[in-house]
Amino acid sequence: MIKREKAIQNYIDGYNQFDIDKMVSDFDEAIIFENIQGGETNMSLAGLTSFKQQAEQAKAYFSSRTQTIKSFKHLENETEIEINYFAILGMDFPNGLKKGQELNLKGKSIFKFSGDKISKLTDIS
């Protein structure tokens with residue numbers, strides 16, 4: 001469990017620092033990523049290259065962002081974390097959110113492991 005928590009913390013630290021290489025350093029090459037908002041899957045990616053491309057694009061969305069882990073829940077081959085999320089938008093969005101606006105959200109992320117590597121990440125908000 002300690003290895004899992006270190007891998008997850010490494011991902012979170014990389015995310016908060018806008019450091020994509022650090023974010024993905026514990027990812028499997030065949031990583032699957034899903035983002036679920038309000039019960040709807042609004043993004044699904046397969047493969048490390050696709051994930052890195054999306055992460056690079058997403059850097060422009062925020063001028064700052066911080067995920068804070070509130071809890072860990074370990075299951076057989078996955079770990080679920082509860083997070084608090086704070087961000088300042090770096091651009092205007094089509095849904096009416098404006099550059100400079102603050103976001104405060106709560107959510108969870110589920111990290112599925114294959115050996116010591118993260119094979120699937122599901123973000124739920």
Side-chain angles (χ1 to χ4, degrees):
M1 302 308 158
I2 301 280
K3 281 186 177 181
R4 284 191 199 177
E5 289 183 16
K6 282 185 178 180
I8 291 168
Q9 189 63 59
N10 198 46
Y11 168 80
I12 297 293
D13 290 347
Y15 182 89
N16 292 344
Q17 297 161 7
F18 294 87
D19 183 343
I20 295 168
D21 289 333
K22 185 172 186 171
M23 284 173 64
V24 303
S25 63
D26 295 296
F27 277 15
D28 188 271
E29 285 287 329
I31 185 74
I32 295 170
F33 172 76
E34 292 180 334
N35 190 68
I36 300 170
Q37 287 182 318
E40 303 269 330
T41 300
N42 64 3
M43 183 182 300
S44 185
L45 302 170
L48 193 56
T49 301
S50 294
F51 183 90
K52 286 170 93 172
Q53 287 172 343
Q54 171 57 31
E56 192 64 47
Q57 289 175 344
K59 285 168 56 171
Y61 300 168
F62 309 101
S63 59
S64 71
R65 61 188 186 186
T66 305
Q67 287 190 47
T68 306
I69 300 171
K70 302 308 290 178
S71 67
F72 286 93
K73 179 180 174 184
H74 298 288
L75 302 170
E76 187 175 336
N77 66 344
E78 63 185 38
T79 297
E80 180 179 307
I81 62 169
E82 288 187 45
I83 60 159
N84 286 340
Y85 183 81
F86 173 79
I88 298 174
L89 298 180
M91 59 184 277
D92 292 342
F93 285 84
N95 65 1
L97 295 174
K98 299 291 183 196
K99 181 178 181 174
Q101 191 171 342
E102 293 183 359
L103 295 179
N104 280 294
L105 305 169
K106 294 184 183 307
K108 68 180 175 179
S109 294
I110 302 169
F111 294 81
K112 186 172 183 179
F113 286 82
S114 179
D116 290 339
K117 294 290 189 181
I118 298 167
S119 60
K120 184 175 182 182
L121 170 56
T122 305
D123 285 339
I124 303 167
S125 59

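Not measured: the values here are computed from a predicted model.
Both tests pass for R65 against the ring of F18: distance under 6.0 Å to the centre and angle within 45° of the axis.
Linking ILVMFWY residues whenever their side-chain heavy atoms come closer than 4.5 Å, directly or via other members, leaves F86 and M23 in distinct clusters. If you chain together hydrophobic residues whose side chains sit under 4.5 Å apart, I81 and Y85 fall into the same group. A continuous path of hydrophobic side-chain contacts links I83 to F62 [ILVMFWY only; heavy atoms under 4.5 Å]. Residues I20 and F51 share a hydrophobic cluster, clusters being chains of Ile/Leu/Val/Met/Phe/Trp/Tyr side chains in contact below 4.5 Å.
Taking the ring pair (Phe, Tyr, Trp, His ring centres under 6.0 Å) definition, one finds that Y15 meets it with nothing, sequence neighbours left out. Residues satisfying the ring pair (Phe, Tyr, Trp, His ring centres under 6.0 Å) criterion with Y11, sequence neighbours excluded, are F27, F111. Every residue meeting the side-chain contact (heavy atoms from CB on, under 4.5 Å) condition with T49, not counting sequence neighbours, appears here in chain and number order: Q53. Qualifying salt bridge (charged side-chain N to carboxylate O under 4.0 Å, His left out) partners for E82, counting only residues two or more places apart in sequence or in other chains: none. Listed by chain and number, the residues in a side-chain hydrogen bond (donor to acceptor under 3.5 Å, both in side chains) with K59 are E56 (sequence neighbours excluded). For D116, the salt bridge (charged side-chain N to carboxylate O under 4.0 Å, His left out) partners are K3, not counting sequence neighbours. Partners of K70 according to the salt bridge (charged side-chain N to carboxylate O under 4.0 Å, His left out) rule, which considers only residues two or more places apart in sequence or in another chain, do not exist here. Contacts of Y61 classified as ring pair (Phe, Tyr, Trp, His ring centres under 6.0 Å), with partners at least two apart in sequence or in another chain: F93.
Among pairs with a residue in residues 16-27, those fulfilling side-chain hydrogen bond (donor to acceptor under 3.5 Å, both in side chains) read N10-S25, N10-D26, at least two apart in sequence or across chains.
Taking every heavy atom of both residues into account, S109 and L121 meet most closely at CB-CD1, 4.0 Å.
For the atom pair CD1 of I110 and CD1 of I118, the computed distance is 13.0 Å after rounding to the nearest 0.5 Å. Separating the CD1 atom in I12 from the CD1 atom in I69 is a distance of 5.0 Å, to the nearest 0.5 Å.
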Solution key, residues 72-80 side-chain donor-acceptor pairs under 3.5 Å, sequence neighbours excluded:
{"unit_1": "H74", "atom_1": "ND1", "unit_2": "T79", "atom_2": "OG1", "d": "2.8"}
{"unit_1": "H74", "atom_1": "NE2", "unit_2": "E5", "atom_2": "OE2", "d": "2.7"}
{"unit_1": "T79", "atom_1": "OG1", "unit_2": "R4", "atom_2": "NH1", "d": "3.1"}

Report all side-chain donor-acceptor pairs from residues 33-48 shorter than 3.5 Å, counting only partners two or more places apart or in another chain.
{"unit_1": "N35", "atom_1": "ND2", "unit_2": "N42", "atom_2": "OD1", "d": "2.8"}
{"unit_1": "Q37", "atom_1": "OE1", "unit_2": "N42", "atom_2": "ND2", "d": "2.7"}

Sequence neighbours excluded and cut-off under 3.5 Å, please list the side-chain donor-acceptor pairs for residues 99-107, or say none.
{"unit_1": "Q101", "atom_1": "OE1", "unit_2": "K98", "atom_2": "N", "d": "3.0"}
{"unit_1": "K106", "atom_1": "NZ", "unit_2": "N84", "atom_2": "OD1", "d": "3.1"}

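Heavy atoms of other residues, nucleotides or ligands lying less than 6.0 angstrom from NZ of K117 number more than 12.
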